[in-house]
Every structure is written in C-alpha cells, then in structure tokens.
Protein chains: 2
Amino acid sequence: MNMRRATIRDVAETAGVGVATVSRVLSGGSASPETRERVLTVAAQLDYRPSALGRNLRQRRSGGIGLLLPDITDTFYGRVADGVLACARSAGEPVIVGTTGDDPEREAELIGMLMEQGVDRLVAIPSGDGESWAPTLRAGLTTVFAHRTSAGCGDIPAVLADDRAGVRTAVDYLTGLGHRRIAYLGGPGQAQRLAVFREAMGPLVDEELIVVARGSRDSAYAAAAGLFQHRPDLTAVLAGGNLLGEAAVLAARELDLRLPRDMSLIMFDDVPWAELCSPSLTVIAQPAQDIGYRAAELVLRGGGRRPRGVLLPTELIVRGSCAARGTSRSPR
Amino acid sequence: MNMRRATIRDVAETAGVGVATVSRVLSGGSASPETRERVLTVAAQLDYRPSALGRNLRQRRSGGIGLLLPDITDTFYGRVADGVLACARSAGEPVIVGTTGDDPEREAELIGMLMEQGVDRLVAIPSGDGESWAPTLRAGLTTVFAHRTSAGCGDIPAVLADDRAGVRTAVDYLTGLGHRRIAYLGGPGQAQRLAVFREAMGPLVDEELIVVARGSRDSAYAAAAGLFQHRPDLTAVLAGGNLLGEAAVLAARELDLRLPRDMSLIMFDDVPWAELCSPSLTVIAQPAQDIGYRAAELVLRGGGRRPRGVLLPTELIVRGSCAARGTSRSPR
DNA sequence: CTGAAAGCGCTAACAG
DNA sequence: CTGTTAGCGCTTTCAG
C-alpha cells in the first residue's frame, strides 16, 4: 500500500528514454515534441513529482528563502511575513521562518541553521549590526533587508517605509497643533527613525523626552510609564511602533492622562485596533505587506543589478488621538 | 576569498580517518576516545558544518517541519506559529510556513510543495475535510492538527483548546446575567465550537441568531452588521474569534449600539487590544502559544504511541463588555 | 573500532 | 536531439 514515490528513473524507463531527457523536458529544456509529450504523459500517469532533495544536493543549494523577523506575534511583522509568503508562493518557493527576538546572537544562530539547510536567499528584519552580518554576507547569502537596515550594511538592498517622510509628517502635524514638548517612544533597531525625529524637531528636541524600549511589551510599558511620570510637561508623543503605541495608551490610562485632552498621541503603524481604541488613534500607516512582498521579489530576482533597495510611502491617518495644545496640562 | 564550505571528506582527510568515522563521531556513534577527540578538533578548526542537503537526500527526507495556517496576519494564528517556532528552535529544526487562507485547495497545493521538499512532519490548522486530507495521510506525513480538527480525521492527533468548556462557561455566564437571546458569530472551520454552543444553549437556541462568516474581515463585519440589524431582540453575542469580535465591536458602534448597555459581548481569544477597547472586552482566553508548542512537540516525537491529542484549558476573563440584562434594549 | 563502498534523486557536461 | 556518466555530501551496511 505504501508505494515509494516515483523517481526520475522510473519515468525514464517507463517512457523508454534517458533520465537526462526527462530532466530536460521537465525543466523546459529542448526536446522533440513527441518525446516531450511522451515524457509528460508518463510523468502524469506515474504522478511523478521531482524530489527537491536530489536537486538541492546536486545544485548545492536548497531553493527556498529564509525569513528572519523579530517577533511573529507582532501584527506588523506578521503582515510583512504575509507579504513574503505571498510572493514566495507565487514563485513556488518554500519559506523557512525564524524569529530572532531582536537578539543578534539568536539571529546568527538562525542564519547558521539556514546555511546548514542550504538556504542561500534571505529576507531579514535585521537585529545585528554590520559586524554581526559580515560573515553571513561573506558566505554568499543573497540578502535583502526589510523594514529597517543595519548600521554598516549600506550595500545590502533594503525595502523600507519612508520613515523620514513619516516622522516629518507626524512632527509637522503635531507642531502645527501647537505642540512643542513632543516625546519620542522608540523600540530597538530604529536608530534611523530616531535620527530623523531629532532632525525634524530641530531646536525643539529635548533628549529627555526620548526613550527607547527593548522589544517586549513589558519593556515598552515601563518606558512609556516612566516617560509620562517623569516628564509631566510633555504634551504629545510619537510612538515608534504599534507595541509602543499600545504601551502608551495603557500607561496613559493608568496615570489617568486623557487622550487627546492631556496628551496627543501618534503611533507608527496602522493596526486594526487603532480604530477600536477610544479615542481612535491617529497613525502613520506603513505598507507592511508590500514591504514583505517587495523584499521577497528582490531576493528572488537574485543578486541582479539592483544595487539599492526601495522606499515605500507612508501615510498619516488622522483619527481622534491628537488635539490642539490647549491650556497647559493639569498638574499632577 | 570565497572558500567552499568544508565537507565531511575534508575533515576525514585532515584527521586521517575515514568519512564514516567522522559521520559516526558527529552523530554520537561509537568511536575510540582519541579518534573522537581528533575528529572533533579538526571539525572545529575547519569550521565544519554538516550539510543538511547530503543528509536529507540520503535519508530521503528533509528534517524540518511544515506549518500550515489560515492567516499569519491574525494574531491568534501568529501566537500559535510562535509556539511552533519556539519548540522547533529548541530542537534545531527548521520550519517551513505556508498560509492557506482557509482554502482547502490552496492547502492541498502547499502540502504538495512540502512533500516535494521532503518534509514529512506537519503541524496544521486544517481547512480541508477528511476527504481532502486522506491523500496526505496515506502518503505518510506525520501530522498533528492544532486549534481545530477536521471532520473525518478523528485519528489524527490534535492539540485543542477546550472549546466545550469555553463555550459552556461563556453561555453560563451570559445566562447568569439574565440573557436569553444570545447570538453566536462564528468563523470557518469551527463546526465543533458551534455544535457546543447549540448544546450549551439547549432550549434557548435560536438558529436565526447563529451566523457564520468566511475568514475575511469584510465578511466578518458583514455578518455582524447583518445580525445586529435583523435581530434587534438579541441582548448578547458570543464572537467565535478575535476577528469576529473586532467586527462585532465595529458593527455595534456603527449601529449605535452601546456595549454593554445595549448588548453584551464575549469574544473568543484574548488579544492585547481587548483591554484597550472601551469598554474593555470580556473574553475566553485560549493558550495559543501552548497549542503551537505542544503540537510541535507531538509531531517531533514522531508517530509514537500517543494516539489522541491534547486538550488545553480556556479561561473566562471578565472585563467590561457584559452587563446584566436590564430593561429591554431601546427600540431602533 | 574503523574504512571502503554503495547509493539517495537529480542535473550538467560530454559524447554520440 | 538524446543517452551515458559523473558526481553533489552524507549515512549505512559490510568487511576487516
């Protein structure tokens, strides 16, 4: 009952041709029309499916692409992953997924595992820096970064949301509402976004209003709560990700700060619950899915010409969490 | 600069032993202490990493496990995936992820792809029914279902949340608050949960208060809105998933139904935003991560003894979206 | 305890 | 256009 799968040899023998011919026909090589048809027929009859195992060994590389992201539980990354999967599926390529927890060491381990598997194409939301990535690249992995780059990895193509424009828009919107004391609540691996914030704020920037949390929910909450408690003079905050935004909402509620009366909030990344929140959250939407899809496209195209990557637009979606700076925030 | 990776042969020659010996040493076989040490040293020096490609072909199976889920964008499934990844990582196994979109056909395609890759262990949140799964199982894939089973696949081990208890608890809670007209808003592939709802409701059940949506957000919203509009006499609703819950909140708001005054809501699955919502949502929490982890454990243990699967407890978390049935809902 | 040898299923020269 | 052949890197008998 448990028949072994048909191999290329079975097909060859049944069709009365050599294995090479079968291989050629199935990979679109040259063959006489009649031979081709015969092979195809036999292959279909035998329900032949070429084994990736044999091919992989022969070519010294498993097809397929690796996907490394910090946390698959975060809907933003989930959407990026979805984009990658969509693209890979349309190319018939398997995707091996690993989560790094924003830990460069774990990232390196996963890369090692992928290389062992023969994976030589990688889409990553990087955690490590240039130094940590150097060995990987030297090893010849075709890599495309998604969502963010890594310091000292300027030569790796990256598909990014236009953080510069996003941050600038947010800051302009907030200052336009009269805010001056604007805080930034950031996460790991977003040095660039933070830099742009400083730049956009210009003389208004106050380093004490800048806090960066580690990746976890707890850390984000602690950062937000600490910020709000220690700097009661802030009137607006820009949260650099949906986890940070969530933490900000929670912390504000806990400290009895009302949005948007006591504090305005803009969050990076539009998530479904931004609309369910009350007040609903004003956000900078990022095309997460597209980021993943485009990154996968790039990596599948291979180390072709394309030297640099892609910049995708962001969009300010105004909802209810921002207000003009009214009379100063009530003392605490 | 681009040195080829060391192969087992390189190690053997450098250490002055046969390849078989190297293989044995590295896979914990028998070897004299000195030989073992020499091989290990050389392997380390050469930074030798055994190629999974070779091994896979030899063993006619790629290690690694396949993971099939409806939608990686849904945080519930994301958490399940996280659990699977966590377990697989601790076992050093790669995970190939595919999303089915709750489409049996697509599911079948993905399974085909996995088999081509030599994957022979699968964790799945199934979309298809027994008939659709039969070929897969016959082909010898070690399969474990997570989160739900498939009709006619009773013999496949499954790791499930205790839906029966969950639904019962929810219904009891609601009836305890005086509710009689309780609606059920379900999604695809949850026949069992629905069955339990009918059972738990007993004589109170009204088929017109039962609606099942397809997998998408739009479909969920349409279902919720339709239900609320056509059945203004309902006083409580049980949403069979976070997407459904989200849709219910949105639809209620749109129709100007206030929670919990006009309608009580219990949602399956506790998600971070349930607490951000206002009112915060009363939910049946499910151990999504555990479900994934345990499923991966089972599939890694292989087709061992364990005939049936595992049932994990759910928990009713009371927050603010339910109220005692007061005076009848205001007419519309 | 160890080495030699036989493939796993496939592709890519290389001849015919 | 087609068949033969030589491996890809590894594990696993089978002798020694």
(message) Looking at B:Ser27 and B:Ser23, would you say the former's side chain and the latter's main chain have a donor-acceptor pair under 3.5 Å?
(response) yes
Closest heavy-atom contact between [X] and [Y]?
X        : Y        : result
A:Arg148 : A:Ile125 : NE-CG2, 3.8 Å
B:Ser132 : B:Gly128 : OG-CA, 3.6 Å
B:Trp133 : B:Ser150 : CD1-OG, 4.0 Å

(message) Let me check the geometry of the helix from C:dC1-D:dG16 to C:dG16-D:dC1. What is the bend angle between the axes at its two ends, five pairs each, to 10°?
(response) 40°
Could you pull out every donor-acceptor pair under 3.5 Å between side chains of residues 6-16 of chain B and any protein atom, sequence neighbours left out?
unit_1: B:Thr7; atom_1: OG1; unit_2: B:Arg9; atom_2: N; d: 3.0
unit_1: B:Thr7; atom_1: OG1; unit_2: B:Asp10; atom_2: N; d: 3.4
unit_1: B:Arg9; atom_1: NE; unit_2: B:Glu13; atom_2: OE2; d: 3.4
unit_1: B:Asp10; atom_1: OD2; unit_2: B:Thr7; atom_2: N; d: 2.8
unit_1: B:Thr14; atom_1: OG1; unit_2: B:Asp10; atom_2: O; d: 2.7

Could you list the donor-acceptor pairs under 3.5 angstrom formed between side-chain atoms of residues 110-124 of chain B and any protein atom two or more places apart in sequence or on another chain?
unit_1: B:Glu116; atom_1: OE1; unit_2: A:Arg49; atom_2: NH2; d: 3.3
unit_1: B:Asp120; atom_1: OD2; unit_2: B:Arg61; atom_2: NE; d: 3.1
unit_1: B:Arg121; atom_1: NH2; unit_2: B:Glu93; atom_2: OE2; d: 3.2

In a table with atom names and distances, give each donor-acceptor pair under 3.5 Å that connects a side chain of residues 64-77 of chain B to protein atoms at least two apart or in another chain.
unit_1: B:Asp71; atom_1: OD1; unit_2: B:Thr73; atom_2: N; d: 2.8
unit_1: B:Asp74; atom_1: OD1; unit_2: B:Phe76; atom_2: N; d: 2.8
unit_1: B:Asp74; atom_1: OD1; unit_2: B:Asn242; atom_2: ND2; d: 3.0

(request) Give the B/S/- string for nucleotides 3-10 of chain C, one per nucleotide from 5' to 3', where a protein heavy atom under 4.0 Å of the base yields B, of only the sugar-phosphate yields S, and otherwise -. (result) BB-BBBBB
(message) According to salt bridge (Lys or Arg N to Asp or Glu O under 4.0 Å), who are the partners of A:Arg89, at least two apart in sequence or on a separate chain?
(response) B:Glu109
(request) Mind calculating the distance between CZ (B:Arg36) and P (C:dC1) to the nearest angstrom? (result) 9 Å
